[in-house]
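These notes are about the structure you will find just below.
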Amino acid sequence: PPLAKDILSVQKKLWSDYDIDPFVSVEILVWARNTKGQHGAKAMKPVINRLNDAFDAGKSRDEIIGILRELGEEAAGK
């Protein structure tokens with residue numbers, strides 16, 4: 001599915017270009033309730049888009065970490 005490919009692409013970019021392991025890095029760890037739709041396509045697409053925009057803009061590792069934290073805070077509030 002296209003969304004799965006988009007997710008894998010973002011994970012690969014985080015790992016290879018920013019040294020952020022998408023599975024175990026503290027920078028990507030978020031506590032959030034597992035509410036309905038939290039991990040669905042509707043919720044994931046804006047995350048993917050925001051990270052891809054940041055990648056395209058040449059954001060630094062620290063800026064990417066800031067974006068990941070913002071996204072995590074948004075997810076925790078849902």
Inter-residue atom distance D19.CG - R61.CZ, 0.5 Å rounding = 5.5 Å
Taken to the nearest 0.5 Å, the spacing of E27 CD from I64 CD1 works out to 12.0 Å
Rounded to the nearest 0.5 Å, the CG atom of L68 sits from the CZ atom of R50 at a distance of 9.5 Å
Test I48 against L3 for side-chain contact (heavy atoms from CB on, under 4.5 Å), laying out the working first.
-> CA-CA 9 Å; I48 291 166; L3 182 63; 3.5 Å; yes
Report the relative orientation of the aromatic rings in F23 and W15; use parallel for angles under 30°, tilted for 30 to 60°, perpendicular for over 60°.
-> perpendicular
Steps toward side-chain contact (heavy atoms from CB on, under 4.5 Å) verdict (Y18, I65) | CA-CA 9 Å; Y18 295 93; I65 290 170; over 6 Å; no
Start with the C-alpha distance between E74 and V47, add both sets of side-chain angles, then the distance that settles side-chain contact (heavy atoms from CB on, under 4.5 Å), and finish with yes or no.
-> CA-CA 10 Å; E74 290 173 18; V47 170; over 6 Å; no
Give, for atom CG of D21 and atom CD of Q11, the distance between the pair rounded to the nearest 0.5 Å.
-> 9.5 Å
dist M44:CE -> N49:CG (nearest 0.5 Å) comes out at 10.5 Å
